[in-house]
Amino acid sequence: MRLSTYFLPTLRENPSEAQIVSHRLMLRAGMVRQASAGIYSWLPLGFRVLKRIEQIVREEQDASGAQELLMPTIQSADLWRESGRYDDYGKEMLRIVDRHERDMLYGPTNEELITDIFRGASKSWRDVPRNLYHIQWKFRDEVRPRFGVMRGREFLMKDAYSFDLTKEDARHSYNKMFVAYLRTFARMGLKAIPMQADTGPIGGDLSHEFIILADTGESQVYCDRDAIEFDPLAEAVDFDDRAGVQSIVDRWTSVYAATDEKHDEAAYAAIPEGRRVSARGIEVGHIFYFGSKYSKPLGAVLAKPDGETVPVEMGSYGIGVSRLVGAIIEASHDDRGIVWPESVAPFRVGLVNLRVGDAACSEASGKIYSALRAAGIEVLYDDRDESPGAKFATMDLIGLPWQLVVGPRGLAQGLVELKERRTGAKEDLPIDAALARFTAA
RNA sequence: CGGGGCGUAGCUCAGCCUGGUAGAGUGCUUGCUUUGGGAGCAAGAUGCCGGAGGUUCGAAUCCUCUCGCCCCGACCA
């Protein structure tokens, strides 16, 4: 993509509406534009990141055996009356009346709808286990939206729902999601730590929030350093191996990790002092098992092999996809701008032609651009007639992992400069060698 | 939903107290000079001063109502 033709409305100054760093940087980098309080348009650069995050979530959900479908944003109130939540949900639910005076709503979540879909099609123990998910926009009419896309009213969420015959099976479904989440966040370059979460009125011990550590996080969290040092991607996972999956969950849940609300001073004090971590955290995922809370009122039952019918055992598993865009920035930025992990970066390489008017620079840049594109490397080519300082500032702001700088100084010796955004490390390389960094297998 | 604040150029803001018909920086346009970390000079364009009423000879400015946005608290993927 040539920057001269790309819709990238960057801002030099911080918009006054944005307070926290991810919100400021997303606006300054031209990723989003606020439509109204807590509701955002995603501009090309931001949309690319959103899609990349969504794709990682999708791949890991699929790998764990979950199946993607798509439910609507608008739901009928009828199902919510069946579950009893229509009245319970309160003003957070955006209620709509259609032309026939029917009560509708913009879905804040999908337990009712998915249960309705499942119950109509699944009657037997042979029909489980199933895990169905979708990645869809939700709306919760927060009293006070804030922090940009981190706490918007409209947000993109992956929500999965598991269906099992027994509690034991449901536990395995839960564990699979637990492990899939660890892998998902790790692939985005995040250290997400599962923390025991409040299960509310449902009860039980099967609920975890996945928290990433970031200085500007919303809540105070405490954990054992061991929890940070585990690497979820170190080994392949066989999701059908119940004992294996359980052992991964056990290892993670055996180390202390808690949010402020669940913090246990005594347990924390028991951790060796050098391993105690007290930090700020952002919730990026939440999983929980809720048994027959929805299947019972909605009549989703399965026939067991002996003919007896029982309510299906369910769990639900959310990931805040749009929130993750902000959360990753909170966890990965510096005073010059965003620092994208390669896995979610909108482009892998930013190619900077330092002097557009110079024939040699433009020719070399053009060749590099073509070569990278031919190799399938996503590259943003800054071919604007701007001063070097402005170009560097733009690249640092939008945070592409690699900057390939073509300037007259280096080119005279046949060299271009490769800069790693994260470390700032610069290296002068012959053009072919620089290209090989990206095109080599 | 309680408490506070702010709406003036694309963005950041001044002007308001003490009414006289709109400014700066940045960005944008054009030209020249520049060119390795947001360049210099010159010439330009840009506003229903959030909206509606009212007071006044006259309102960005004073009064009333209203809409929007932000911050703190309670609540949340």
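Each chain gets a letter, A, B and so on, in the order the sequences are listed, and its residues count up from 1.
When distances are taken from the side chain of E13(A) to each of U12(B), A77(B), C69(B), the shortest belongs to U12(B). Residue F392(A) places its side chain closer to G36(B) than to any other of C69(B), G36(B), C75(B).
Residues meeting the side-chain hydrogen bond (donor to acceptor under 3.5 Å, both in side chains) test with W402(A), sequence neighbours left out: E342(A). Remark: Y133(A) pairs with no residue by the ring pair (Phe, Tyr, Trp, His ring centres under 6.0 Å) rule, at least two apart or across chains. Applying the salt bridge (charged side-chain N to carboxylate O under 4.0 Å, His left out) rule to E54(A) yields the partners K51(A), R58(A); only residues at least two apart in sequence or on another chain are considered.
A donor-acceptor pair under 3.5 Å links the side-chain atoms of Y181(A) to the main chain of G318(A), judged by distance alone.
H208(A) and Y174(A) have tilted rings, their planes meeting at an angle from 30° to 60° on a 0 to 90° scale.
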Compile the donor-acceptor pairs under 3.5 Å between side chains in residues 30-40 of chain A and protein atoms, sequence neighbours left out, one pair per line.
residue, atom, partner, partner atom, Å
Q34(A), OE1, Y40(A), OH, 3.2
Y40(A), OH, H23(A), NE2, 3.3

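The residue G318(A) sits apart from the nucleic acid: no heavy atom pair falls under 4.0 Å. The residue V321(A) sits apart from the nucleic acid: no heavy atom pair falls under 4.0 Å. N14(A) comes within contact range of the sugar-phosphate backbone alone, with a heavy-atom separation under 4.0 Å but no base atom that close. T394(A) comes within 4.0 angstrom of a nucleotide base, judged by non-hydrogen atoms across all strands. Residue-level contact check: G337(A) touches neither bases nor backbone, having no heavy atom under 4.0 Å from any strand. Residue contacts for P388(A): at a heavy-atom cut-off of 4.0 Å it reaches a base atom on one of the strands shown. K91(A) comes within contact range of the sugar-phosphate backbone alone, with a heavy-atom separation under 4.0 Å but no base atom that close.
Listed by residue number, E17(A), Q19(A), R28(A) are the residues of residues 17-31 of chain A with a heavy-atom contact under 4.0 Å to RNA chain B. Contacts of residues 349-357 of chain A with RNA chain B (heavy atom under 4.0 Å): L354(A), R355(A).
Both geometric conditions, a ring-centre gap below 5.5 Å and a plane tilt below 30°, are fulfilled for F155(A) over the base of A77(B).
Residues Y268(A) and Y222(A) bring their aromatic ring centres within 6.0 Å. For F210(A) and F178(A), the ring centers are positioned less than 6.0 Å apart.
For the C1' atom pair drawn from U56(B) and C70(B), the interatomic distance equals 34 Å after rounding to whole Å. Only the P atoms considered, G20(B) is 30 Å distant from G4(B), to the nearest whole Å. The gap from the P atom of U18(B) to that of U26(B) amounts to 34 Å, rounded to the nearest Å. If you take atom C1' in C69(B) and the same atom in G51(B), they sit 15 Å apart, rounded to whole Å. Comparing G15(B) with G53(B), their P atoms are spaced 28 Å from each other, to the whole Å.
Counting distance only, with no hydrogens placed and no angle test, the side-chain atoms of R151(A) and the base atoms of C76(B) include a donor-acceptor pair under 3.5 Å. Scanning atom types as modelled, one donor and one acceptor separated by under 3.5 angstrom connect the side chain of E417(A) and the base of G36(B).
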